[in-house]
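Basis for what follows: all heavy atoms, side chains included, without hydrogens, waters or symmetry-related copies. All figures in this text were calculated on a predicted structure; none of them were measured in a lab.
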Amino acid sequence: MSNSIPTTPEAVRKQAAATNNRRRRQARSVSRQWRRRGLMTAYIIFVLLPVYWLLNMSFQSNSEILGSLTLWPQDFTLEHYAKIFSDSNWYMGYVNSIAYVLMNMLISLAVALPAAYAFSRYRFIGDKHLFFWLLTNLMAPPAVFLLPYFQLYYTVGLFDTHVAVALAHCLFNIPLAIWILEGFMSSVPKEIDETAFIDGYSFPRFFVKIFIPMISSGIGVTLFFLFMFSWVELLLASTLTSTGAQPIGSVMTQTKGASGIDWGALSAAGVLTILPGIVVVYFVRNHIAKGFALGRT
């Protein structure tokens, strides 16, 4: 039996060696676990430190921010947040940004869903070339299209409107949405389409009631990326707007006054700018997890 007491010197030495090896393996395993935890802790601190410092500055007065280095507010104040919510120049920046971001997400998704279905279900002349051409739009920086958009929108009267920014972002977001959704749609068997049509479903009814729920994870991932690009993009948004639809990113670059830069208000605005992204991630977090596992992303 393996648990019997050794009766010979050779057996005693073998059992001692096996015990020592087992203890060394356990010690190495514990050491690796502590190293991994240490590295993960250091990484989390490295990532969250700028966010904490931004939050810390938003509760400090400008004199304290420009004075000594403090790890937490010595003179806690909410005046910077009060200024943002009471000054229309500040809070309208958030309203404008959210308005054109939501418009862009709706337009991009409405165009990308049927286009991605066509690419995933049908074969036609030049389909692969057209699909690749759509992706090439993502390879160009927004500055390339800045002057054409500015002249076109100024001529047709769309300058300084939410629609102008939403449509400009569609140039980048629609190809991205088509590329992501096509990967999810291609994973759905075509037999489901045929079975639904045999059962008497019309195409709109099949698409809304059966097909879209099957790719809900892909739609969640797509909305996340659409929001991320449109929310953080500043060059087109600030150039195509002036006062009526100025985004918060553009407002934040204009905080310098006669007394200098208002660091506290700028920090508070930065904290509030992060919150919409956190809200979006919270609502689509399950879809994002499934999407990264199953889709193109």
Minimum heavy-atom separation for [X] to [Y], with atom names?
| X | Y | result |
| --- | --- | --- |
| Pro213 | Lys209 | CG-O, 3.4 Å |
| Leu240 | Ala168 | CD1-CB, 3.7 Å |
| Ala99 | His162 | CB-CD2, 3.9 Å |
| Asn104 | Cys170 | ND2-N, 3.2 Å |
| Asn62 | Gly264 | OD1-N, 2.9 Å |
| Leu113 | Leu181 | CD2-CD1, 3.8 Å |

(request) Evaluate the side-chain contact (heavy atoms from CB on, under 4.5 Å) criterion for residues Phe85 and Tyr94: first the C-alpha distance (whole Å), next the side-chain angles of each, then the deciding distance (0.1 Å), finally the verdict. (result) CA-CA 10 Å; Phe85 288 111; Tyr94 291 100; over 6 Å; no
Could you check whether any side-chain N or O of [X] sits under 3.5 Å from a backbone N or O of [Y], counting only pairs where one atom can act as donor and the other as acceptor?
| X | Y | result |
| --- | --- | --- |
| Glu233 | Ala237 | yes |
| Thr70 | Pro73 | no |
| Arg121 | Met185 | yes |
| Thr253 | Ser250 | yes |
| Asp87 | Asn89 | yes |
| Asn96 | Met92 | yes |
| Ser86 | Lys83 | yes |

What distance do [X] atom [atom1] and [Y] atom [atom2] have between them, rounded to the nearest 0.5 Å?
| X | Y | atom1 | atom2 | result |
| --- | --- | --- | --- | --- |
| Glu79 | Ser58 | CD | OG | 11.0 Å |
| Thr273 | Ile84 | OG1 | CD1 | 8.0 Å |
| Ile44 | Leu39 | CD1 | CG | 11.0 Å |
| Ile174 | Leu134 | CD1 | CG | 9.5 Å |
| Phe207 | Ser202 | CZ | OG | 12.5 Å |
| Ile248 | Trp90 | CD1 | CH2 | 5.5 Å |

(message) Run Phe172 and Phe145 through side-chain contact (heavy atoms from CB on, under 4.5 Å) and show every step you take.
(response) CA-CA 11 Å; Phe172 302 94; Phe145 306 98; 3.7 Å; yes
Single-linkage hydrophobic cluster [X]~[Y], side-chain heavy atoms < 4.5 angstrom:
| X | Y | answer |
| --- | --- | --- |
| Ile212 | Phe197 | yes |
| Leu275 | Leu234 | no |
| Trp263 | Leu78 | yes |
| Leu102 | Leu109 | yes |
| Val232 | Val47 | no |

(request) Please work out which of the three classes, parallel, tilted or perpendicular, describes the rings of Tyr81 and Phe59, given edges at 30° and 60°. (result)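 Plane angle between 30° and 60°, so tilted.
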(message) Would you say the rings of Phe203 and Tyr117 are close, in the sense that their centroids are separated by under 6.0 Å?
(response) yes
(request) Return yes when atom CD of Gln74 has more than 12 non-hydrogen atoms of other residues, nucleotides or ligands closer than 6.0 Å, and no otherwise. (result)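 Atom CD in Gln74 is packed in, count exceeds 12.
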(request) For Phe46, look at atom CZ and say whether over 12 heavy atoms of other residues, nucleotides or ligands are found less than 6.0 Å away. (result)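 For Phe46, atom CZ is not crowded (no more than 12 foreign heavy atoms under 6.0 Å).
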(message) I'd like to check Arg36 versus Met40 (side-chain heavy atoms, cut-off strictly below 4.5 Å). Are they in contact?
(response) no
(request) Could you check if a side-chain atom of Tyr100 sits within less than 4.5 angstrom of a side-chain atom of Trp231, using non-hydrogen atoms only? (result)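 They are not in side-chain contact.
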(request) Walk me through it: do Asp193 and Phe206 pass the test side-chain contact (heavy atoms from CB on, under 4.5 Å)? (result) CA-CA 8 Å; Asp193 307 38; Phe206 155 75; 3.5 Å; yes
(message) Going by side chain to side chain contact (heavy atoms under 4.5 Å, CB included), Tyr153 matches just one of Thr241, Leu167, Asp160. Which one?
(response)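 Looking at Thr241, Leu167, Asp160, the match for Tyr153 under the side chain to side chain contact (heavy atoms under 4.5 Å, CB included) is Leu167.
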Which atom pairs, donor and acceptor, lie under 3.5 Å between side-chain atoms of residues 218-230 and protein residues at least two apart or in another chain?
from, atom 1, to, atom 2, distance (Å)
Thr222, OG1, Gly218, O, 2.7
Ser230, OG, His169, ND1, 2.8

(message) side-chain contact (heavy atoms from CB on, under 4.5 Å) for Leu236 and Val165? Distances and angles first, verdict last.
(response) CA-CA 7 Å; Leu236 289 173; Val165 184; 5.7 Å; no
(message) Per the side-chain hydrogen bond (donor to acceptor under 3.5 Å, both in side chains) rule, what does the pair list look like for residues 41-57, sequence neighbours excluded?
(response) Asn56-Gln60
(message) Could you tell me if Ser186 and Glu182 have a donor-acceptor pair between their side chains, going purely by distance under 3.5 Å?
(response)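 There is such a pair between these side chains.
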